[in-house]
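The structure appears right after this line, and notes come after that.
These numbers were taken from a predicted model, which means no experiment stands behind them. Numbers restart at 1 for each chain; the letters A, B, ... are given by sequence-line order, proteins then strands. Atom set for the values below is all heavy atoms of this structure, side chains included, hydrogens, waters and symmetry mates excluded.
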Amino acid sequence: MPRRFGPYGGAYVPETLVPALTELERAWRDARSDPKFRSELRRLSTTLGGRPTPLYLAENLTRRGGGARIWLKREDLVHGGAHKFNNALGQGLLARRMGKPRLIAETGAGQHGVATAMIGAALGLSTEVYMGEVDMERQHPNVERMRLLGARVIPVRTGSRTLKDAINAALRDWIASVRTTHYLIGSAVGPHPFPSIVADFQSVIGREIRRQSARSFGRSPDLVVACVGGGSNAIGTFRPLLRTKADLWGVEAGGPRNSAHGAASLSHGAPGILHGSLSYVLQDDDGQVAETQSVSAGLDYPGVGPEHAMLRDSGRVRYLAVRDRDALRAFHWLAEDEGILPALEPAHAVFAAVREAKRRGRGREIVVTLSGRGDKDLEVVLRAGAQ
Amino acid sequence: MAARQGGRGVVVPYVLVDRRRLRDLPATIDALRRGGAAAVELGFPFSDPIADGPVLAAAHDRALRHGTRWRDLLTACRIASERLPVAVMTYANPLWHRGLDASIGALAAAGASGLIVPDLALEEIRPFERSARPRELELVLLAAPGVSADRLATIAHRSRGFLYLVSRYGTTGRTRGSSPVDLTSMVRIARRAAPHLPVLVGFGVRDRASAALALASGADGVIVGSAVEERLARPRGVASLERWLRGIGGAARTVAG
């Protein structure tokens, strides 16, 4: 398990957390070569999670694009409505294996919080979820879902009161509770070994895409697009495809029209240390982390997983930013063309794919990871439509 | 920075740099010196202070809202280092973003003699050491509960100036119901690894009783942070600092004696 991705990654954390990170790395090493753990993970992925998810040919959306065929990797159909389940299940099983009776998590859009609450209930682990006050308001349905699933939702009132501050609060809790608690981090961020573990659990997405592409059109895709906040669905999508010929695009949140950087850390940030790892960070001249702006709570984060930082520098993945307005447009396209309400996060990726489809032309195949469903976003979308 | 005190109990207060309080800083440091401070820690506010509890996290937020910048830290260093030895405490990113040579060089030039980075685990210290050593800035390392004996020995061996012993599981400041930590054996291991390195205990030391408890481990002194911040936030807080700090130092000496 690499500690660094090129120069990025590492574990920039208070010493108090080091024993837990070491224990976690050891537990994951053991678990992933343990046939019993793997079969349990596979069994629950299938019977509880609903995997594998289909690769759907979006014919109407393809017509709208007017060129390459657009396929949707339907992670919105995973139990709970997002890819977050894949990682929450894996880490939940790890926590149980380590004998930690309590889970904590951060959540932005609430999807990871919901996934963690579901897993906590299913595995009998008590669950507390930190969520910024701003996000609690704009993603209220997910707050209620977490509560119904038996989790305690703790409002975070510091800083920008969004995902970044929820991670700060969760880290502070973990520093105090580390002996009995597993911090079930929801994205491919944080100190080593989290980025590797999360990417491992999410790589099921890319492996299925590889297999399903071969079955559906006899080869690997020409272009694969995923949205990037912290970057867990994207790294899970990309990793198994790195050695194929597919072009890989990560789409960040460009934010509202008047925002200089939105939440696009790879497009507009600089190397920096945030939440335990070195990666690209939106920050000012003093290295103070910037507040971000995005219509999608799940992308509203000033950092990004360190593996993405390496892939950006190497050029293997191209990262671009899509604005709020265009993501909202793509939301409506998908709703009207295909009868699918996507989450606003992957709507950013859908926009980029539809735009690119024409340029690529007929005979080409584009796969978009549809990382979550949009029920949680109805209020935001309706409000935006009224403006 | 801080000499081994042979159990006499030095007190090192932590003051978060806040642009609005720069004007009061000379008086603040003078009061701390008269109160018996052996050195002062100057904290640089950061947007994401994950090792800090509610009191200091709010103070970081406030200082940034007041427009505190890097140059204010340098000003504070110059003011404080005329009066007491100064260790700067800052999270890693402000140093990293500016470039380690540039930022650490600037701190040394402004009179700082030590540097403490609370989110720097042992595995990541090398580039920071490399920039600090030629500039004669002492990189103070932290050791925390739950650490293995080997790791603690390595940390003590690599630390310069003093060893910062984190006294319990948790962030800075008051916490409820944190379980006791065997500081005594941590101090013993550190001594064996680095016989001449002073050991100071911080996190949760806020008054005579907690200082006495910390020093009963055989440590050389204590670091007081959140409690100083609480005083400074009060009206006429500076005026009360000297007596208050002397009280903590007194407790320390009583225990040690």
Does any heavy atom of chain B fall under 4.5 Å from the side chain of [X], the backbone, both, or neither of them?
| X | answer |
| --- | --- |
| A:V13 | both |
| A:A11 | both |
| A:I167 | neither |
| A:P14 | both |
| A:D173 | neither |
| A:L21 | neither |
| A:E291 | neither |
| A:V289 | both |
| A:R4 | side chain |

Answer with yes or no whether the side chains of [Y] and [X] bring together a donor and an acceptor at under 3.5 Å.
| X | Y | value |
| --- | --- | --- |
| A:S294 | A:S296 | yes |
| B:D207 | B:S210 | yes |
| B:Y14 | B:E229 | no |
| A:D300 | A:T162 | no |
| B:H66 | B:R19 | no |
| B:N93 | A:Y12 | no |
| A:H112 | A:N87 | no |

Under 4.5 Å from a heavy atom of chain A, the part of [X] involved:
| X | answer |
| --- | --- |
| B:L95 | neither |
| B:D61 | side chain |
| B:R151 | side chain |
| B:W70 | both |
| B:P49 | both |
| B:L73 | neither |
| B:R69 | both |
| B:P94 | both |

If the plane angle is over 60° it's perpendicular, under 30° parallel, otherwise tilted; pick one for A:H275 and A:Y301.
parallel
B:E138/B:R160 ion pair, N-O < 4.0 Å
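A salt bridge is absent here (no side-chain N lies under 4.0 Å from a carboxylate O).
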If you tally heavy-atom pairs under 4.5 Å against chain B, which of [options] wins?
| options | value |
| --- | --- |
| A:K164, A:R172, A:R3, A:Q283 | A:R172 |
| A:V178, A:L17, A:L278, A:L274 | A:L278 |
| A:A290, A:P191, A:G287, A:A170 | A:G287 |
| A:V18, A:L171, A:V281 | A:V18 |

Close side-chain approach of A:W174 to A:I104, heavy-atom, < 4.5 Å:
yes
Residue A:R29 excluded, over 12 heavy atoms near CZ under 6.0 Å
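Check passes, neighbour count above 12.
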Atom CD of B:E129: over 12 foreign heavy atoms under 6.0 Å
yes
Run B:H60 and B:Y91 through side-chain contact (heavy atoms from CB on, under 4.5 Å) and show every step you take.
CA-CA 11 Å; B:H60 280 251; B:Y91 285 85; 4.1 Å; yes
